[in-house]
2 protein chains.
Amino acid sequence: MKKKRIRIKDIAEAADVSRGTVDRVIHNRGKVAPQVKAKVEAAILSLGYSPNIIARTLANNKEYHIATLIPLPEDDIFWKLPQIGIQQAFEATRDFGIHIDQFYFKMDDPVSFVNESEKLVEARPDAVLMATQFYREAINFYRQIEKIDIPLVGINTHIKELDKVGYIGQNSYQSGVLAGKLFDISLHENVDILILHLGSSVSNAMHIMDKKRGLMDYNNNHNNKFGIINVEFREYRDLDKFGYFLSDVFSRETNIKGVFITNSRAHYFINALDRMGISNDLCTVGFDLIEKNCILLRKGEIDFLINQDPVRQGNLGIHTLVDQLLFNRSDATITYLPLDIVVAENLDLYLLSNTPSTSEIKTQIMAK
Amino acid sequence: MKKKRIRIKDIAEAADVSRGTVDRVIHNRGKVAPQVKAKVEAAILSLGYSPNIIARTLANNKEYHIATLIPLPEDDIFWKLPQIGIQQAFEATRDFGIHIDQFYFKMDDPVSFVNESEKLVEARPDAVLMATQFYREAINFYRQIEKIDIPLVGINTHIKELDKVGYIGQNSYQSGVLAGKLFDISLHENVDILILHLGSSVSNAMHIMDKKRGLMDYNNNHNNKFGIINVEFREYRDLDKFGYFLSDVFSRETNIKGVFITNSRAHYFINALDRMGISNDLCTVGFDLIEKNCILLRKGEIDFLINQDPVRQGNLGIHTLVDQLLFNRSDATITYLPLDIVVAENLDLYLLSNTPSTSEIKTQIMAK
DNA sequence: TAACCATATGTGCTCGTGCACATATTTTGA
DNA sequence: TCAAAATATGTGCACGAGCACATATGGTTA
C-alpha cells in the first residue's frame with residue numbers, strides 16, 4: 001500500500017553496485033563500465049528514481065547570489081510592487097541558499113541605469129533580474145551579462161531583441177487590444193479616443209508603442225468605430241502645465257469620450273482634469289493597481305485599470321532564476337501573465353490576494 | 001559582507017551550551033535550567049536564528065497524508081481544474097513527504113458524498129481538502145473530522161457555518177455584484193436581466209443564492225436600473241427540454257437583454273438557445289474557463305466569464321494544509337481569490353498562466 | 001559518605017545526496 | 001611475469017536539525 005520513496009541506496013542495491021557508482025551514473029561523471037552503467041540506468045528506470053531535492057539542497061550547501069536591477073521604488077510607486085514580489089521570493093528561497101542583492105536606478109535617467117549596471121557586474125552575481133524601459137541601454141547591459149554567461153530574466157518591459165533572455169510580464173500589444181475592447185463595451189460609435197503617453201523616454205520604450213498598436217488594431221478590426229487621437233506629454237508631474245495642456249487638447253478635440261493612459265500614471269491625468277475643472281464624463285482606462293489609481297477607481301473617476309500583476313512578476317522572475325540555478329532548467333523563455341480587468345467591484349480582491357500562502361511560496365523551488 | 005546563516009551549532013557556541021540544550025529550548029521540551037534557558041533565548045534573538053527548513057524536513061523524515069474529497073472530474077469538466085491544481089501542489093510537496101489520497105463523489109448525489117466521506121475517514125488522513133455544494137452533508141462531515149481533530153480546508157463553496165474551517169475560493173456575493181457591474185457597462189437602462197440557475201440542489205447550495213443577492217443588491221444600489229427575472233432549471237442537459245423551457249421564458253419576457261448563468265454551465269444555455277433558433281443579441285455573463293465556455297467566449301456568444309481560478313484554489317488549498325502540517329501555522333481562515341473578468345481578448349493569457357514555475361511551486365512550502 | 005534519584009546537559013546517530021578520497025580491478029608495456 | 005598506470009568501484013564524511021540515549025550534576029536520605 002505504502003510505497004516508499006526510492007533512494008540512491010535502493011538503486012545501488014538493486015543494481016548490485018555501490019552508492020558512488022549510482023551517483024556517477026546520475027551525474028554523468030564517467031568512470032563507469034558501460035555494462036554497469038546500463039544496469040544502473042535500468043534500475044533507475046524500473047524503480048522510478050527521482051532525487052530527493054531536500055537532501056540534495058542540504059548536501060550541496062551552495063550559496064547563490066541573484067542581483068536585481070529595477071527603478072527606485074521611491075521614484076514611482078509602481079516599482080514598489082515588483083519589489084514586494086522579489087522580497088516574497090527571497091523569504092521563500094532563503095533556505096535554499098539564495099541571496100538577493102538589489103541595485104536601483106533612477107527611472108528617468110539612463111546614465112544612472114548604466115552606473116548601477118556596472119556596480120552590479122562588479123558584484124559578480126550568479127543570475128540577474130532586470131526591469132528597464134531603456135531599450136538601447138538594456139541591450140548593452142545584456143551584452144555584458146552574456147560575456148559572464150549567467151542567466152538573465154527581464155520583467156515588465158519586453159525587450160524583443162533579446163531572445164535568449166527570459167521575460168515575465170505582460171503582453172503589451174494585447175493590453176492595447178484589451179483596452180480597445182473595454183472602450184467598445186463602454187462607448188457609442190463615432191466618438192474619439194485619446195491615447196495619452198505620459199513621461200519621458202516614450203519613444204525609447206517599445207512596450208508603450210505596442211499598447212498603442214494594440215488599441216489601433218482593435219479599432220481597425222472593428223470598422224474604425226472610434227477616432228483615435230495620439231498625444232505625448234512629458235511634464236505630467238507639473239499639474240498646472242499638464243492641466244493647460246489638457247484643456248488645450250479638449251478644447252480642440254470636443255468629441256473625446258475615452259482616454260487611454262498607457263502607463264501607471266492615470267491618477268495624474270485625473271488630477272489635472274480636476275484642477276482645470278474639466279468635467280469627467282470620460283471612459284478612462286489606465287494601468288496598474290497603485291494606491292492613487294485605486295482610490296480614483298473606487299470613486300468612479302477611473303473606469304478600468306488593467307493589471308499586470310507586478311508583484312507576481314517580481315516573484316516569478318526570481319523563482320525562474322532559482323529554477324535555473326538549482327535545477328538547470330533552462331526553459332526560461334517568455335511568460336505572459338494574465339491581463340486583469342479591474343473595476344471598483346473586484347478591486348479589493350486583487351489587492352488582498354497579494355499575500356500567498358507560506359507553503360505556496362516555499363514549494364515553488366523544487367519540482368523536477 | 002557575507003553573513004552566514006545562523007545554525008543551532010552557532011547558538012550553542014554563543015551560549016556556551018551543547019546543541020541538545022538549544023534544541024530543548026527551541027522545542028520547549030523542558031529539562032533546561034531557567035537561567036540557561038534565558039541565556040539561550042538571548043543568543044537566539046541576538047544572532048537571529050531561524051531554522052533551516054531543508055534540514056528540518058530531512059531530519060523529520062515524516063510522511064503526511066492529505067485526503068481530498070471533490071466531485072468526479074468526469075461528471076463536470078469544471079472539476080478537472082482544481083484537480084490540476086491539486087496535482088501541481090502534490091508534485092511540489094512530494095519531497096516534503098506529502099502524499100495525496102483522492103476521493104471523488106458524484107456531483108449531483110449526496111449519498112455518494114456521504115459514502116466517500118466515510119471511506120475517507122477510514123483512511124485516517126492527516127488533513128482534508130473538501131469541495132462540495134451539499135450544505136447539510138458538509139456540516140455532518142465536518143463534525144466527524146472535528147472529532148479526529150485534523151485540519152480541514154474547503155474550496156469553491158463557502159460553508160459559512162464552519163468558521164474554524166479554512167476556505168479558499170471566491171466571494172460568491174461579490175461575484176454577483178461584479179456581474180451587476182458588467183451588465184451596467186454593457187446594457188441600457190430599463191431592460192430585464194434573467195438570472196438562470198442550472199442544475200439540481202440549487203436551494204441546498206448557499207453560494208448560488210449569494211450570487212443572486214449580489215446582483216440584486218448592485219441593482220438596488222443603482223436605482224433599480226434593470227428588471228430582474230429569477231429562474232431555475234434542473235434538466236439543462238436535455239437540450240430539447242431546456243430549449244422549450246427557454247423559448248417559453250423568452251416569449252413571456254420579451255425585454256430580457258442580459259442573462260446571468262450562476263455556475264459554469266453557460267454553454268448549455270447558449271446551445272439550447274441555438275437549437276431553438278433564438279437569436280443571441282443578449283449580454284451573457286457566466287462563470288469559469290471550462291473549454292466549452294471558452295469556445296463560446298471566443299465566438300462572441302458569451303460576453304463575459306467570471307473566473308474563480310479553480311486551479312489555484314486546489315493548489316492553494318493543498319498548500320495551506322501543508323503549511324499547517326509542516327509549520328503548525330494555523331492561520332488558515334478565509335482566502336478570497338480575485339474575480340477575474342474574462343473576455344475574448346484576455347482569455348488566452350488566463351489559460352496559459354496555469355503553469356507555474358517549478359521553483360514557484362517548490363518554495364511555497366517553507367517561509368516562516 | 002555512599003547510594004540513590006531527579007534533573008540537567010552532552011553526544012552520537014539518522015535522514016538522502018554530493019563529493020573527495022581510498023581501494024580494487026583491469027590494462028599496458030618492457 | 002610483474003610493476004606501473006589507467007580505470008573502475010567502494011567508503012566516509014559533511015550538510016543542519018531531531019531525537020534517543022549517555023553522562024554529568026545537585027540534592028536528599030539512610
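To find a chain, count down the sequence lines: A is the first, B the second, and so on, and within it residues start at 1.
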- Task: Locate the shortest heavy-atom distance separating A:Asp95 from B:Arg5; write the atom from each residue and the value.
- Result: OD1-NH1, 2.6 Å
- Which whole-number value in Å describes the distance from A:Asn60 CG to C:dG16 P? 17 Å
- Applying salt bridge (charged side-chain N to carboxylate O under 4.0 Å, His left out), which residue pairs with at least one partner in residues 9-18 of chain B are found, sequence neighbours left out? B:Arg7-B:Asp10
- Item | Rounded interatomic separation in angstrom, taking CZ from A:Arg5 and C1' from C:dT17 | 12 Å
- For atom CG of B:Leu326 and atom P of D:dG18, their distance in whole Å: 12 Å
- Query: In whole angstroms, how far is the P atom of C:dC15 from the CZ atom of A:Arg56?
  - Reply: 19 Å
- Message: Does D:dA17 have OP1 or OP2 under 4.0 Å away from a side-chain N or O of B:Tyr49?
- Response: yes
Got a list of side-chain donor-acceptor pairs under 3.5 Å for residues 37-44 of chain B, not counting sequence neighbours?
residue: B:Lys39; atom: NZ; partner: B:Ala15; partner atom: O; Å: 3.3

- Task: Output all residues satisfying salt bridge (charged side-chain N to carboxylate O under 4.0 Å, His left out) with B:Arg124, sequence neighbours left out; order by chain, then residue number.
- Result: none
- Rounded to whole Å, CZ of B:Arg29 lies from P of C:dA8 at a distance of 16 Å
- Query: If we fit an axis to the first five pairs and another to the last five of the helix from C:dT1-D:dA30 to C:dA30-D:dT1, what angle do they make, to the nearest 10°?
  - Reply: 70°
- Message: Rounded to whole Å, how long is the line connecting atom CD1 of B:Ile6 with atom C1' of D:dA17?
- Response: 15 Å
- Query: To the nearest angstrom, how far is A:Asp95 atom CG from D:dA17 atom C1'?
  - Reply: 12 Å
- Task: Would you indicate what B:Asp23 reaches in the nucleic acid, counting non-hydrogen atoms under 4.0 angstrom: base, sugar-phosphate, or nothing?
- Result: base
- For the residue pair B:His65 and B:His99, does the interplanar ring angle fall in the parallel (under 30°), tilted (30 to 60°) or perpendicular (over 60°) class? parallel
- Message: So, taking the atom named OG1 in A:Thr93 and the one named CD1 in A:Ile100, what distance separates them when rounded to the nearest 0.5 Å?
- Response: 5.0 Å
- Note on the structure: From CD1 of B:Ile11 across to P of D:dG16 the rounded distance in Å is 13 Å
- Reckon A:Leu58 touches a base, only the sugar-phosphate, or nothing at all at heavy-atom distances under 4.0 Å? base
- Any chance the side chains of B:Gln102 and B:Gln83 put a donor and an acceptor closer than 3.5 Å? yes
- Task: With sequence neighbours excluded, tell me which residues meet side chain to side chain contact (heavy atoms under 4.5 Å, CB included) with A:Asn156.
- Result: A:Phe78, A:Trp79, A:Gln308, A:Gln313
- Query: Do the charged groups of B:Lys119 and B:Glu116 touch, with an N to O distance under 4.0 Å?
  - Reply: yes
- B:Arg7 side-chain N/O to D:dA17 phosphate OP1/OP2 under 4.0 Å: no
Just the table, please: protein N/O against nucleotides 7-12 of chain D N/O, every pair under 3.5 Å.
residue: D:dT9; atom: OP2; partner: A:Ala33; partner atom: N; Å: 2.9
residue: D:dG10; atom: OP2; partner: A:Ser18; partner atom: N; Å: 2.6
residue: D:dG10; atom: OP2; partner: A:Ser18; partner atom: OG; Å: 3.0
residue: D:dG10; atom: OP2; partner: A:Thr21; partner atom: OG1; Å: 3.2
residue: D:dG10; atom: N7; partner: A:Arg24; partner atom: NH2; Å: 2.9
residue: D:dG10; atom: O6; partner: A:Arg24; partner atom: NH1; Å: 3.0
residue: D:dG12; atom: O6; partner: A:Arg19; partner atom: NH2; Å: 2.8

